[in-house]
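Comments concern the structure below.
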Number of protein chains: 2
Amino acid sequence: MAGRPHSRPRLIDVAAQAGVSMATASRALASREGVSERVAARVRDVAAELGYVANPHARTLAGGPTSVAGLLVYEIGDPYFSEIASGVVGTAAEHGWSVQISHTERDSRAEAAQIRLMRAHRVGAIIVAGSGYVDPAMEAEVARELDAFQETGGRAVVIGRHHLRCDAVLPDNSAAAASVAEHLLELGHRRLAVVAGPRHLNTVTDRLGGVRSAVAARGLDPDDMPVAYVPFTREGGRAGAAQILEQHPGTTAILALNDAMATGVLSVLRERGVAVPAEVSVTGFDDIQVAQDLAPALTTARLPMSEMGVAAFELALRPPVSRPRRKPTSHGLVVRDSTAPPA
Amino acid sequence: MAGRPHSRPRLIDVAAQAGVSMATASRALASREGVSERVAARVRDVAAELGYVANPHARTLAGGPTSVAGLLVYEIGDPYFSEIASGVVGTAAEHGWSVQISHTERDSRAEAAQIRLMRAHRVGAIIVAGSGYVDPAMEAEVARELDAFQETGGRAVVIGRHHLRCDAVLPDNSAAAASVAEHLLELGHRRLAVVAGPRHLNTVTDRLGGVRSAVAARGLDPDDMPVAYVPFTREGGRAGAAQILEQHPGTTAILALNDAMATGVLSVLRERGVAVPAEVSVTGFDDIQVAQDLAPALTTARLPMSEMGVAAFELALRPPVSRPRRKPTSHGLVVRDSTAPPA
DNA sequence: CCGAGGAACGAAAGCGCTTGCAGGAAGCGC
DNA sequence: GCGCTTCCTGCAAGCGCTTTCGTTCCTCGG
């Protein structure tokens, strides 16, 4: 019988009840070999009957497998990241894993510190969502932590980030951005401007690169295209839009490199009485849930955030291979009401 | 020196380096009494120098304090919950805690199961965000798990949920809903309709109660007011709006009991060419970030989700008291462009 | 019918930490 | 200078589990 009162059953209780040793009970529950099916079944039955759940701390301490994953996001309150988190958390639950979430607030040093913390917590896998840095020095510290984690048997997966020695879920930011730009060019726009995120993020340079190559393919000079480097937020979008309106009044289309910034762009245009899309077309990127409900409904490049979260967790579950896997994701152009031919 | 190569330092390494026993080192790092300040400082210095981080599994197993909190939400991808999570995760990080997040998908049995799982994980605190159930039987299982958790020394805090024996962060749903209804009545509306969430949720009955009492206070009969019970989602809002438009064509104002549903209501009205607010006024509830960017910008009752998350975590940090604390939160009416006097 | 070779199981040693308890060094009054 | 507190500090016993290494018991070929 159980030792203390009011205490959940221990493995030793299950073992006693089933008439076997702890070793056998442990093996039976981990469905490892070396136990006869008859005994294993009995142990499992007893465990179920007693409502036994292994203490994960003891398990981990003794060298067993962990089933806690760490998820790093810039800001869980941001729709882009919360949709990714939704995919990760849901899939993890299906596999009996739980998920620890951390904010990193767009700071590579904070990222490295969080990874270090998760390593200390002995998580079994770490999923890093969020852009990489253009400056290799900034990326280095994160890379070092991730490498150390993998060397000790942990599984690391990044989302939308290359240049790291681990499995990755990679949307084709460049191609998706190009498709948005092509859509605008197709409509006849020639005076495009970009509200980009921070210039030190890979995601920004990738997306911007896509836009520039699409522009160049039309015979235009990408260097003539104004680019506002602002924070990846609604407020950043507002600042970028204001800047473009003032310095480049002839602009007929503004490409925001994520939907949050596009929201800000739209709000500035509305305040200033600029009609969208009649006077200026606006595009976003990501297709967060609310993009369809903005005024006007936002034309944007769709990234399957939730599926990316699912894919990332599933990669984390698979055993590592020597050469890092790169799992591409779909993307698509979603044309709504914020784009139209130029006046 | 450390034992194995490639291995992070253990407490015993810190102790050796500082020339004290593990016991003293442990006490020094936990800043517990019984250690001279001189020795404690030395130990802390050595620990910092070696980059020592305690193994939380060993710590917990040995009976030490935990610094992992569990957060239960219906759906982390939903803005309401992700904003709460943002507050919780940020505050937790400041205090050196990490946060495990679980989906419950609006199912009380899943909730209870998740709490059980978190108990098995020996989290130090559990924060449950999400409505309670009107049916006491459904609430009972959750209550039982939460009670058991608290009996074993865990800290439980609920957000927006009463009838549970634990600390709570409680927005005044009824008053906030009443203020929205009063705003519409003030504008001259007399034919209100409500797009409510699921009728078995306390949040819904509370908010609906607020609306009904405001209506009654104007001398109108609340029972004449149509109510559509639909899921708490954008799709639910669409269904509710469709139902009201068809069965109660004279309606001049639709109150959605959360912003997600309001988004759906607006989308249906837009599709059907009903002008908002010229023909029909629409209100939401919560004031999620995007409410300001909808078309038209949504008039809604503001709940400080992020602050609620912060408050919940801070409550969890405080020692329990015999009588559960109820921490009220502010709420406010945010008037934007989706409401106007009836035509 | 005997011995070799497995398969199934058990004993016990940790994993890294906290903490109750005992021991030792100061500090006090006399 | 002695006995008694009062502080500090160290010893060692676990926390609940996994895993290595033996041991036992079968099975089967010769």
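Note: hydrogens, waters and symmetry copies are ignored here, and every other heavy atom, side chains too, is used. Every chain is numbered from 1, with letters handed out A, B, ... down the list of sequences.
Between R27(B) atom CZ and dC8(D) atom C1' the separation is 9 Å, expressed in whole Å. In this entry the distance linking CZ of R38(A) with P of dA7(C) reads 18 Å, nearest Å. Atom-to-atom, CZ of R122(A) to C1' of dC15(C) comes out at 10 Å; the value is rounded to the nearest Å. A straight line from NE2 of H57(B) to C1' of dC17(C) spans 12 Å, rounded to a whole angstrom. When rounded to the nearest whole Å, the span between CD1 of I12(B) and P of dG10(D) equals 12 Å. What separates CE of M22(B) from P of dA13(D) is a distance of 14 Å, to the nearest Å. The nearest whole Å value for the distance from the CG atom in L29(A) to the P atom in dC9(C) is 13 Å. The separation between N55(A) atom CG and dC15(C) atom P is 18 Å, rounded to whole Å.
Without hydrogens or angle criteria, S306(B) side chain to I84(B) main chain gives no donor-acceptor distance under 3.5 Å. Checking side-chain atoms of R155(A) against main-chain N and O of R318(A) turns up a donor-acceptor pair under 3.5 Å.
Checked against dA12(C), dC9(C), dT18(C), the side chain of A23(A) finds its nearest nucleotide in dA12(C). When distances are taken from the side chain of L11(A) to each of dG16(D), dC17(C), dC17(D), the shortest belongs to dC17(D). In the set dC9(C), dT18(D), dT18(C), the nucleotide with an atom closest to the side chain of R59(A) is dT18(D). In the set dT19(C), dC15(C), dG16(C), the nucleotide with an atom closest to the side chain of A62(B) is dG16(C). Residue R10(B) places its side chain closer to dG16(C) than to any other of dG16(D), dG16(C), dC9(C). Ranking dT19(D), dC17(C), dT9(D) by closeness to the V39(B) side chain, first place goes to dT9(D).
Residues passing the side chain to side chain contact (heavy atoms under 4.5 Å, CB included) test with V68(A), sequence neighbours excluded: T66(A), S98(A), Q100(A), V123(A), Q100(B), H121(B).
Residue A30(B) is classed as having no contact, given no heavy-atom separation below 4.0 Å to the nucleic acid.
Of the side-chain N and O atoms in S36(A), one or more sit less than 4.0 angstrom from OP1 or OP2 of dC9(C). The side chain of Y52(A) contributes an N or O atom lying less than 4.0 Å from OP1 or OP2 of dC17(D). Phosphate contact (OP1/OP2 of dC11(D), side-chain N/O of S21(B), threshold under 4.0 Å): absent.
Mapping A58(B) and V20(B) onto DNA chain D via the closest heavy atom, the residue that lands nearer the 5' end is V20(B).
For the residue pair Q114(A)/S102(A), the side-chain donor-acceptor check at 3.5 Å is satisfied.
Within 6.0 Å of the CZ atom in R165(B), the count of heavy atoms belonging to other residues, nucleotides or ligands does not exceed 12.
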